[in-house]
Amino acid sequence: MDLDAMFAAVEQRDKVSLRGKPVVVGGLAGRGVVATASYEARAFGVHSAMPMSQARRRSPPGTAYLVPRFAAYKRTSEVVMRLLAEVSPLVEQVSIDEAYVDLAVTGHDLSTAGVTELALRIKAEIAAATGGVTGSIGAASSKLLAKIGSDLHKPDGLTVVPAGQELAVLHPLPVKRLGGVGPATEQRLHRSGVRTVGDLARVPLDDLVDWFGTAHGQGLYRLARAQDDRPVVSEREAKSVSAEETFDVDLTDPVRLNRELDLLSARVAGRLRAGGVTGRTVNIKVRHHDFTTVTRAVTRDQPTDDGRLVAQLARRLLAEVDTSGGIRLLGVGVSTLADFAQDDLFSGSFPEFGAAFAGAAEPLGEFPGAGGGSSAEAGFPPPAERSDSAVVDLLPVVAAPESSDTSEMPAKWPAGAGRDEAVVPVWRTGQDVRHEEFGAGWVWGSGLGLVTVRFEGPLTGPGPVRTFAVTDPMLHPADPPDWTTDGAHDP
DNA sequence: TCTGGGGTCCTAGGACCC
DNA sequence: TCTGGGGTCCTAGGACCC
């Protein structure tokens, strides 16, 4: 089941004056693209993924250009998915507007006539329940044919492929109707004179594997023969979480880029926590002015959902990329997800730190702007009076208090005198640190475990760390430093 | 002002391990 | 012509989907 031009259909449902008119939903800013065009707009050649500027040139006067209202689409989607769930316990939602329904696990009459009757009933129920948003249905013996069937008579279509008729339906179609055949595959096939699925079915397996590699080659070989036993799977766990943004104008200012990274990191971390997952790999994506795109990744030993740590790693990754020519898109992602939210492993006894982190390794990287911190106050300045822009830069958004990061940063004390940084163990993330000898400092790494602290003044040399007070002024703005930890730590 | 945003899967090469 | 054969993990890039 696939809802027809869903975003546009919901808009037309909700606003009577849009009915019968071309409606284009998508990004309206300079670099926006079309998400969905109503069928009236499609008549003018407007389609999904087209640059909005081009859509505007093609569309007639009176066309409505709308920004997506995802909440409304989600509500409509939920109504439809609930209907489908009544048809079968096995429903695979592919996207907000599309789902596979496994009828084989139900008691429904699976004859062609029975399935046709059922599908017509479902279509009527969808239209009634959504206030006129229609869905197209394909019914067949496999996902491949069901999907193709749902496309065949859009909009408001129904295609039932009787058992045994699969190849008859499939072979006349152009190859790009097969799922997994995009522009690149289509071009390569055309180069060898393969235009229809029937043509494809005559290509030897060896050739397909040569052209497309093992997985894709074998996949095409099977699909061309309607061999598809992919099961309908109801719940799939996410493998990654990411956020990205295309800027209206290319960005070059490193401070601005870092700030965007922080915001994206916070967004991703928030969604990790909302989903109850943590991840070990932080990815960034950088699209240059010329649309070339690079990615960089680091994988840590311990998973995190702490936006500040994600941001810190993302900043380090970005520092490896030449951004001087202008950046049009920045993205941050977290992958290698662990489905358990790892909690405060270190809330036990402090001396464990000594054993766990005794070995020295690489220090934390620099980040631009960290050197600017200066507060002449000797005491522990109330957060409201703090004006350390470097810290604000790094931590623009407060990560959730239930941070579950257990960063395994190396314990490292500066070897020589005169440095103002130390990597120290703390129990809880926080932004302010006070050392009884060295005075106030700032945590500018983040995460539980070991963080980097930049002190107001130079440290006098290696020595035992005895007392740290760590507080999080963003969480408890009015509180004084509220807890202390004692422990010998002498890396 | 040509090319969004959120994902999945695959490949290839290198490091590393036994 | 000194240097095998598995396997896993990681990174980077690309194709594809909605």
Donor + acceptor pair across side chains of A:Thr278, A:Asp305 (<3.5 Å):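 Note: A:Thr278 and A:Asp305 side chains miss the donor-acceptor criterion.
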Do A:Thr76 and A:Arg13 have a side chain donor and acceptor closer than 3.5 Å? yes
Is a salt bridge present between [X] and [Y], judged by a nitrogen-to-oxygen distance below 4.0 Å?
| X | Y | value |
| --- | --- | --- |
| A:Lys123 | A:Asp156 | yes |
| A:Arg328 | A:Asp250 | no |
| A:Asp229 | A:Arg222 | yes |

Quick one: does any side-chain atom of A:Ser265 pair with a main-chain N or O of A:Leu261 as donor and acceptor, under 3.5 Å? yes
Would you mind classifying the nucleic acid contact of [X] as base, sugar-phosphate or nothing, using non-hydrogen atoms under 4.0 angstrom?
| X | result |
| --- | --- |
| A:Ala243 | sugar-phosphate |
| A:Gln54 | nothing |
| A:Asp248 | base |
| A:Lys176 | nothing |
| A:Gly27 | nothing |
| A:Gly26 | nothing |
| A:Leu329 | sugar-phosphate |
| A:Thr185 | sugar-phosphate |
| A:Ala29 | nothing |
| A:Leu264 | nothing |
| A:Ser48 | nothing |
| A:Arg280 | sugar-phosphate |

Quick check: on DNA chain B, is the nucleotide nearest A:Phe70 upstream (toward 5') of the one nearest A:Val249, or the reverse? Name the residue that is more 5'. A:Val249
Pick the closest DNA chain B nucleotide for A:Phe291 and for A:Arg271 by heavy atoms, then say which residue is nearer the 5' end. A:Phe291
Separation of the P atoms in C:dG7 and C:dT3, to the nearest angstrom: 23 Å
Using the P atom in both, what is the distance from C:dC18 to B:dC2, to the nearest Å? 28 Å
Note every stem involving DNA chain B: at least three consecutive Watson-Crick or G-U wobble pairs, i with j then i+1 with j-1, with both distances under 3.5 Å. B:5-18 with C:5-18
Chi-based syn or anti call at C:dT3, which uses purine or pyrimidine torsion atoms and a 90° bound: syn
May I have the step-by-step check of side-chain hydrogen bond (donor to acceptor under 3.5 Å, both in side chains) for A:Thr299 and A:Thr281, ending in yes or no? CA-CA 4 Å; A:Thr299 299; A:Thr281 305; 2.8 Å; yes
So does A:Glu320 have more than 12 non-hydrogen atoms from other groups sitting under 6.0 Å from CD? yes
Determine, stepwise, if the pair A:Arg287 / A:Thr293 fulfils side-chain hydrogen bond (donor to acceptor under 3.5 Å, both in side chains). CA-CA 4 Å; A:Arg287 180 115 75 207; A:Thr293 306; 3.1 Å; yes
With rounding to the nearest 0.5 angstrom, report the OG to CG distance, A:Ser141 to A:Asp228. 8.5 Å
First contact, last contact: which nucleotides of DNA chain B are these for chain A, 5' to 3', heavy-atom distance under 4.0 Å? B:dT1 to B:dT11
